[in-house]
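Scroll down for the structure; my scribbles are underneath it.
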Number of protein chains: 2
Amino acid sequence: MLAPRSLPHGCVDRPEVNDCDSCGARALSVCGSVADRDLERLGGLAEVVKLAAGAVLTREGEPAPHVFNITSGSLRVYKLLPDGRRQITGFLFAGDFLGLAIGEFYVFSAEAIEPTTVCRFRKGPFRALVESSQPLEHMLLHRTSHELAAAQNQMLLLGRKTAIERLASFLLDLPGHDPARPTAPGHVRLPMKRGEIADYLGLTIETVSRVLTRMKAKGIISMPSQSDLIVERPDLLRAHAGGEI
Amino acid sequence: MLAPRSLPHGCVDRPEVNDCDSCGARALSVCGSVADRDLERLGGLAEVVKLAAGAVLTREGEPAPHVFNITSGSLRVYKLLPDGRRQITGFLFAGDFLGLAIGEFYVFSAEAIEPTTVCRFRKGPFRALVESSQPLEHMLLHRTSHELAAAQNQMLLLGRKTAIERLASFLLDLPGHDPARPTAPGHVRLPMKRGEIADYLGLTIETVSRVLTRMKAKGIISMPSQSDLIVERPDLLRAHAGGEI
DNA sequence: CTGATTATTTGATCTGAATCAAATAATCGT
DNA sequence: ACGATTATTTGATTCAGATCAAATAATCAG
């Protein structure tokens, strides 16, 4: 399952409360639950890092001095086996956190899918701040719990669903439409490549492509372009995702 | 990956601080990080529930009034598809928490594997207590983060590892030996049945059995009985688990 | 715009694990 | 201890998805 989106449904972002205009720390406010004072302190700790598409943010096994908050763009988070097999464990978007569970070394790699900006915090001061602010800690627990629930859905998908069920689940989890521009109903953007979808769903590129072709043939979806998709039959998609077909 | 064990390595449990002798709430102390006062209040909220082997604790989709802490025994936590396909997302043992991420309804089912005791808390008062105690909240965040990291390892396993790699990873994650009795080096108990291992690893019973037979043939393990296993070649097991063979 | 590069689709074949089917082996109630 | 039930192992066969192999289609640098 995709990482939970940054802001709860219906939540309006707060105006900036510190001098770190481009920093997503203010996204942490989560509908006002984190005090302005905490935001200021967070902003003071933040370093803005700009990443080109494909740039590496963390590499599994390397020392882990930082925690990150995504300001804009998107990341793929993944693990590798020595022979190159890759499992993408999630896609992260603006507002999402990365690195909360790390110890001394990163246990995953993360790369920008598109041009991306992140706020970077040194682990020590970040932890100190979290310990001094229960609302912040509460928000992190809330998010982490939801990520765990999403991870359990993904285990069901990877362990027990067929290829078409995986694709159906994936398409339903994608954000319905880009908030920037109002789109047609059922319109979905696929910002990632087939290989990334495959490595997220435990399939191959070829299988992803074939299943999308099958879905088109069945009239469940249509694809105006390779990276734009229209869900024509959400009912059928949902039935497939739930394993009812 | 298995759920993280309850107490960090080397952590000694505290003496009881409330009248709830059989309740695992005191396990929450986590080496003294949670104040006695919080423990007393938790103890006051707890109801002890005894479960026979196979008893159902929660059912996916049903209203979720409770959060649980396992006192003794073990649980399997799983999700089902409508046609009965099952994915076990984790095995829980004494000290582990269940239900932190739930909303109004349970999103998983949980059953006792063996005779098991849990402490049950009503969600509302439990949350209120957590909000009033940052050390408690901190401990929950710490545990949940580690569960998330374990879930990501499991995604790699389910999405990309072969059958033998899955079994090797599983055997290495099992607690090395029962703390109750000192066991021979490399000795591992398999408290769960083949069907549970299969549903945890995204395999079938037959494949689990065949892979264990293959491992025996290769001299990697031996099995004095169906539920007792000796790791003869931990080096080879580790190599398989890491996908290096 | 154009050729080169990279991504996607489609086709043929293979294979690891699933399914179907018995044959042991273990466990349990009496 | 004993028959019945349940769990595990082993064997034969099938199949969904992987792999191997081109044929399009899209993108991008110049």
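Order of the sequence lines sets the chain letters (A, B, ...), proteins ahead of strands, with each chain counted from 1. These numbers were taken from a predicted model, which means no experiment stands behind them.
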Test your reading of the model: is there a side-chain donor-acceptor pair from [X] to the backbone of [Y], 3.5 Å cut-off?
{"X": "A/Arg194", "Y": "A/Glu206", "result": "no"}
{"X": "B/Asp173", "Y": "B/Phe170", "result": "no"}
{"X": "B/Asp83", "Y": "B/Arg85", "result": "yes"}

Once you round it to whole Å, what is the distance between [atom2] of [N] and [atom1] of [X]?
{"X": "B/Asp199", "N": "C/dA18", "atom1": "CG", "atom2": "C1'", "value": "13 Å"}
{"X": "B/Leu158", "N": "C/dA17", "atom1": "CG", "atom2": "P", "value": "13 Å"}
{"X": "A/Arg160", "N": "C/dT19", "atom1": "CZ", "atom2": "C1'", "value": "13 Å"}
{"X": "A/Lys193", "N": "C/dT5", "atom1": "NZ", "atom2": "P", "value": "16 Å"}

What are the two closest non-hydrogen atoms of [X] and [Y], and how far apart are they?
{"X": "A/Pro63", "Y": "A/Pro65", "value": "O-CD, 3.2 Å"}
{"X": "B/Ala53", "Y": "B/Ile113", "value": "CB-O, 3.8 Å"}
{"X": "A/Gln87", "Y": "B/Arg160", "value": "OE1-CG, 3.6 Å"}
{"X": "A/Glu147", "Y": "B/Leu148", "value": "OE1-CD2, 3.7 Å"}

Inset, instruction - Would you mind telling me which of B/Thr116, B/Val118, B/Ile70 makes a side chain to side chain contact (heavy atoms under 4.5 Å, CB included) with B/Leu92? - result: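 Of the listed options, the one satisfying the test is B/Ile70.
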
Inset, instruction - Just jot down the side-chain hydrogen bond (donor to acceptor under 3.5 Å, both in side chains) partners of A/Ser227, sequence neighbours excluded, or say none. - result: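 side-chain hydrogen bond (donor to acceptor under 3.5 Å, both in side chains) check on A/Ser227 returns nothing, list empty.
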
Legend entry - Residues forming a side-chain hydrogen bond (donor to acceptor under 3.5 Å, both in side chains) with A/Lys79, sequence neighbours excluded: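 With neighbours one apart ignored, the set is B/Asn153.
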
Within [range] or reaching into it, pairs that qualify as side chain to side chain donor-acceptor pair (under 3.5 Å) - sequence neighbours excluded:
{"range": "residues 97-112 of chain B", "answer": "B/Arg76-B/Glu111, B/Tyr78-B/Glu111"}
{"range": "residues 51-60 of chain B", "answer": "none"}
{"range": "residues 236-245 of chain A", "answer": "none"}

Legend entry - Angle by which the axis turns from one end of the helix from C/dC1-D/dG30 to C/dT30-D/dA1 to the other, five pairs per end, to 10 degrees: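 Helix axis angle between the two ends: 60°.
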
Legend entry - Of residues 216-227 of chain A, the positions that come close to DNA chain C - non-hydrogen atoms, cut-off under 4.0 Å: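 A/Gln226 - these, ordered by number, are the residues of the stretch whose heavy atoms sit under 4.0 Å from the strand.
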
Inset, instruction - For DNA chain D, find the residues of residues 202-215 of chain B with a heavy-atom distance under 4.0 Å and give them by number; none if there aren't any. - result: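 Heavy-atom contacts with DNA chain D come from B/Ile205, B/Glu206, B/Ser209, B/Arg210, B/Thr213.
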
Legend entry - Within residues 72-86 of chain A, residues whose heavy atoms come under 4.0 Å of DNA chain D: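 Within residues 72-86 of chain A, no residue comes under 4.0 Å of DNA chain D.
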
Inset, instruction - Could I get the full list of salt bridge (Lys or Arg N to Asp or Glu O under 4.0 Å) partners for B/Arg86, not counting sequence neighbours? - result: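 B/Arg86: salt bridge (Lys or Arg N to Asp or Glu O under 4.0 Å) contacts with B/Asp199.
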
Please table the atom pairs, donor to acceptor, closer than 3.5 Å between any side-chain atom in residues 207-221 of chain B and protein atoms at least two apart or in another chain.
residue  : atom : partner  : partner atom : Å
B/Thr207 : OG1  : B/Thr204 : OG1          : 3.1
B/Thr213 : OG1  : B/Ser209 : O            : 2.9

Legend entry - Outermost DNA chain D nucleotides near chain B [under 4.0 Å, heavy atoms]: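 That gives a stretch of D/dA7 to D/dA12.
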
